[in-house]
Undergrad: 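Shown below is the structure under consideration.
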There are 2 protein chains.
Amino acid sequence: MAEAVNIKRLAQELNISIATVSKALNDSYEISLKTKNRVWTLAKELNYTPNPAASNLRSHKTKTVAVVIPCVANNFFSLSIKGIEEIARQYGYHVLIYQTHENIEAEVSFTNSLLNGRVDGILTSVSSSEYNSEYYTNLVKKIPLVFFDRVYENLDAVKVTTDDYEIAFQATEHLIECGCTKIAYLYGLENLPAGKARFAGYLDALKTHGINAGDQLVVKYQDDEELNLQHIKELLRNYKPDALFSSIEEFIIPAYCACREMDLKIPNDVKVLSFSNLSTAKLLSPSLTTITQPAFEIGREAAKSLFKILNNKQLDDEQNIILKSMLIKRESTGC
Amino acid sequence: MAEAVNIKRLAQELNISIATVSKALNDSYEISLKTKNRVWTLAKELNYTPNPAASNLRSHKTKTVAVVIPCVANNFFSLSIKGIEEIARQYGYHVLIYQTHENIEAEVSFTNSLLNGRVDGILTSVSSSEYNSEYYTNLVKKIPLVFFDRVYENLDAVKVTTDDYEIAFQATEHLIECGCTKIAYLYGLENLPAGKARFAGYLDALKTHGINAGDQLVVKYQDDEELNLQHIKELLRNYKPDALFSSIEEFIIPAYCACREMDLKIPNDVKVLSFSNLSTAKLLSPSLTTITQPAFEIGREAAKSLFKILNNKQLDDEQNIILKSMLIKRESTGC
DNA sequence: TTTAATTACGTAAACGTTTTCGCCTAGCTG
DNA sequence: CAGCTAGGCGAAAACGTTTACGTAATTAAA
């Protein structure tokens, strides 16, 4: 908008060539300290900042990454983004946000649109609607990509996940120790490894303790709050479980509401436990026992891995980074 | 990464000039429909997408906007971003995210770094640490900028806000109707118009009903959860208010905890009401009466205004868009 | 002293678009 | 038939960087 201040302008005022200015700005070894200082001070004086488009066009580096996630308005993802953004600041990267709304077509469309050099890399937590392994197999060959939490397996890419199986196993044992023998499962993310692992942890814990699992005790998540409420009420009415194990945060409100509407007291009549990053879990009525994933840390780790790749740093041995979740026991499982 | 597919390539394969391809892709009137169709089909066939850097460098348009906010891990802001991102998709814009962590220097540094053509416009909700009107007075001259919720006044820029004064007045009256006469105020955003308006609404409602306000009944927000808890406990101990009016969500947890620790029953001993976008307000113990801002709508409206400006569309008369918040009465004010 | 190596800088091409301007042809007007 | 107009397209410059390569001056090695 104002008089353009670019490299050419700096070069003219200092009576040196454009190339020298560029190299000085990039702290090249070819330029003497004296010249560098002249350039730097004038640049600061004129408030010069390089034009990103020009720089990117020539150098094929954007210093920008994309975050492709289902939705930002979710405690887990907003915390992840917070972590990603903080690391990005440290590394001098910019962060683009794309929401898929659990729609695989949107997901594919977004990521495809990022392959023309708009970003240097992608951080993603994939949508739960479908598992399109083939697409991602090709994608990871085209651009540096790091998965977090909701990942695709058996791909040549870094994955940051949590101990879903173990913590679900542990949480189920907690319910059993509290005396539950008829534990219902509120099933989310069933197409994804994370969802399957949680369910497997649940099933194996039951088996270990000689408890029969039953399909009737499983409610699958629908993208409709009212429907989930109905299903949980039917579950409670027809099969009278003594515990609800919710594998995703989205089941909390319908679960609590269902219990209230059916006049079932938590934890006396039915115990409740959920995966969740809800900050107010301890203020609920009754306070909710949660499995809490380190969402912020997951974002940080995923971002760190991506930036290491982009800076051609050696990745410490492993492509699979697994962080620990926490089982936080509260009143809703009361024991 | 693969064989570059660019305009030049398309031109060669079709035996036409680069200029013609470019114009065809941009649906220019200069090009015949026949040629356009040839270009479009080949472009689709080769999976061509224009290089954003080159396009931006030449055209000075980035199709990108920046969102500068205090923090994404906050129900209000994550909902706003959700709204912004949805509108951005519709208009074909990309969204960059920057978190200031309520730090004015970070805020200034980020926005300055966006003036070199990285983005076409900025959406921002400013930090509460300081009110640096002068900086923004200059900024709005340099780049299209839309404020939402946390705004600077008297600037030539669109502002999307809510009816803070009116709803705070109304909420205070609600507490008075419930029989409260000693209403404490948990004061956040005191440097910003939004914070001041809420406080003014509170004060005026008290005055209207002949109730004296007192400085002792006001607790100001600190960026330290433990400290806020202490201050609220001291408030409750020393001045025994019969209601807590919280002007920001961050006070909810310390307020509830303070009441519990001091063995005060909500709403019998003390009523509680807060500005909040917490989805689980109705599940708290007891359920929380809230003033809920239309965060998602605010994001959408702010984004729409910005894109109208960027597309040189006439703005419908007004620079001030004011949306209505909702007072949702629940058990915590029980009456 | 001669030669090689090193330092410090400049020239110019390249990145992939958009856009101005001009050219050619065909069709129309008078 | 001359002269115009308009439609359709191409040549080339420009956007602001980065970088391969060349070169002159200085220093080090022989």
Side-chain angles (χ1 to χ4, degrees), chain A residues 1-40 42-43 46-64 92 113-120, chain B residues 1-40 42-43 46-64 92 113-120:
Chain A
M1 288 219 180
E3 16 25 278
V5 37
N6 51 23
I7 274 198
K8 197 167 159 190
R9 167 94 180 277
L10 295 183
Q12 281 172 350
E13 301 223 355
L14 293 172
N15 241 328
I16 56 182
S17 80
I18 288 181
T20 304
V21 175
S22 173
K23 289 174 190 167
L25 290 170
N26 291 312
D27 204 10
S28 160
Y29 68 96
E30 291 182 55
I31 307 299
S32 71
L33 188 57
K34 193 176 146 193
T35 310
K36 282 181 187 174
N37 279 325
R38 290 181 65 212
V39 173
W40 291 340
L42 183 65
L46 298 184
N47 241 316
Y48 167 81
T49 54
N51 179 298
S55 166
N56 163 15
L57 176 60
R58 178 58 225 241
S59 68
H60 297 290
K61 308 211 180 276
T62 63
K63 280 281 184 178
T64 304
S113 80
L114 297 171
L115 297 177
N116 53 16
R118 183 175 293 279
V119 299
D120 296 342
Chain B
M1 289 221 178
E3 19 22 280
V5 37
N6 50 25
I7 275 197
K8 198 167 158 191
R9 168 94 179 277
L10 295 182
Q12 281 172 351
E13 301 223 356
L14 293 173
N15 241 328
I16 55 182
S17 80
I18 287 181
T20 304
V21 175
S22 173
K23 289 172 190 167
L25 290 170
N26 292 312
D27 204 9
S28 160
Y29 68 95
E30 292 182 53
I31 307 299
S32 71
L33 188 56
K34 194 176 146 193
T35 309
K36 282 181 186 173
N37 279 326
R38 290 182 64 213
V39 173
W40 291 339
L42 183 65
L46 298 184
N47 240 317
Y48 167 81
T49 55
N51 179 298
S55 167
N56 163 14
L57 176 60
R58 180 57 226 243
S59 68
H60 297 290
K61 309 213 178 274
T62 63
K63 280 281 185 180
T64 304
S113 80
L114 297 171
L115 297 177
N116 53 15
R118 184 175 293 278
V119 299
D120 297 342

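Letters A, B, ... mirror the listed sequences (proteins, then strands); counts begin at 1.
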Undergrad: If you take all heavy atoms of B:Y48 and B:V5, which pair is closest and at what distance?
TA: CD1-O, 3.4 Å
Undergrad: Does A:N26 reach a base, just sugar-phosphate, or nothing at all? Heavy atoms under 4.0 Å.
TA: sugar-phosphate
Undergrad: If you assign B:A54 and B:T35 each to the DNA chain D nucleotide with the nearest heavy atom, which residue ends up on the more 5' nucleotide?
TA: B:T35
Undergrad: Tell me, with the steps shown, if B:V39 and B:I16 meet side-chain contact (heavy atoms from CB on, under 4.5 Å).
TA: CA-CA 10 Å; B:V39 173; B:I16 55 182; 3.9 Å; yes
Undergrad: Looking at B:Y48, does any N or O in its side chain come under 4.0 Å of the phosphate oxygens OP1/OP2 on C:dG16?
TA: no
Undergrad: Is the distance from OP1 or OP2 of D:dT18 to the nearest side-chain N or O of A:S22 less than 4.0 Å?
TA: yes
Undergrad: Counting C-beta onward and ignoring hydrogens, is there a side-chain heavy-atom pair between B:D27 and B:K36 closer than 4.5 Å?
TA: yes
Undergrad: Quick one: A:L33 CG to C:dT7 P, roughly how many Å, whole number?
TA: 14 Å
Undergrad: Would you indicate which nucleotide in D:dT17, C:dT17, D:dG10 comes nearest to any side-chain atom of A:S55?
TA: D:dT17
Undergrad: Taking atom P of C:dC15 as reference, at what distance in whole Å does atom NZ of A:K61 sit?
TA: 16 Å
Undergrad: Listing time: all N or O pairs from protein to nucleotides 11-14 of chain D that are below 3.5 Å?
TA:
unit_1, atom_1, unit_2, atom_2, d
D:dA14, N3, B:R58, NH1, 3.0

Undergrad: Whole-Å distance between C:dC15 P and B:N56 CG?
TA: 18 Å
Undergrad: Rounded off to whole Å, could you give me the OH-to-C1' distance for the A:Y29 and C:dA8 pair?
TA: 11 Å
Undergrad: Out of D:dT18, D:dT17, C:dT17, which has the shortest distance to the side chain of A:N51?
TA: D:dT17
Undergrad: B:T49 and A:L115: side-chain contact (heavy atoms from CB on, under 4.5 Å), yes or no, with the steps?
TA: CA-CA 9 Å; B:T49 55; A:L115 297 177; over 6 Å; no
Undergrad: Let me know, please, whether A:S32 or B:E30 comes out on the 5' side of the other along DNA chain C by nearest nucleotide.
TA: A:S32
Undergrad: Would you list the pairs meeting salt bridge (charged side-chain N to carboxylate O under 4.0 Å, His left out) in which at least one residue belongs to residues 10-24 of chain B, sequence neighbours left out?
TA: B:R9-B:E13, B:K23-B:E30
Undergrad: To the nearest angstrom, how far is B:H60 atom NE2 from C:dT18 atom C1'?
TA: 10 Å
Undergrad: Can you check the B:R9 CZ to C:dC15 P distance for me, whole Å?
TA: 15 Å
Undergrad: Could you check how far CG of B:L57 sits from P of C:dT17, rounded to whole Å?
TA: 12 Å
Undergrad: Would you give the length of the straight line joining atom CG of B:L46 to atom CG of B:N6, rounded to the nearest 0.5 angstrom?
TA: 10.5 Å
Undergrad: Figure out the CD1/P separation between A:I16 and C:dT11, and round it to whole Å.
TA: 12 Å
Undergrad: Can you find a heavy atom in the side chain of A:N56 that is under 4.5 Å from one in the side chain of A:T64?
TA: no
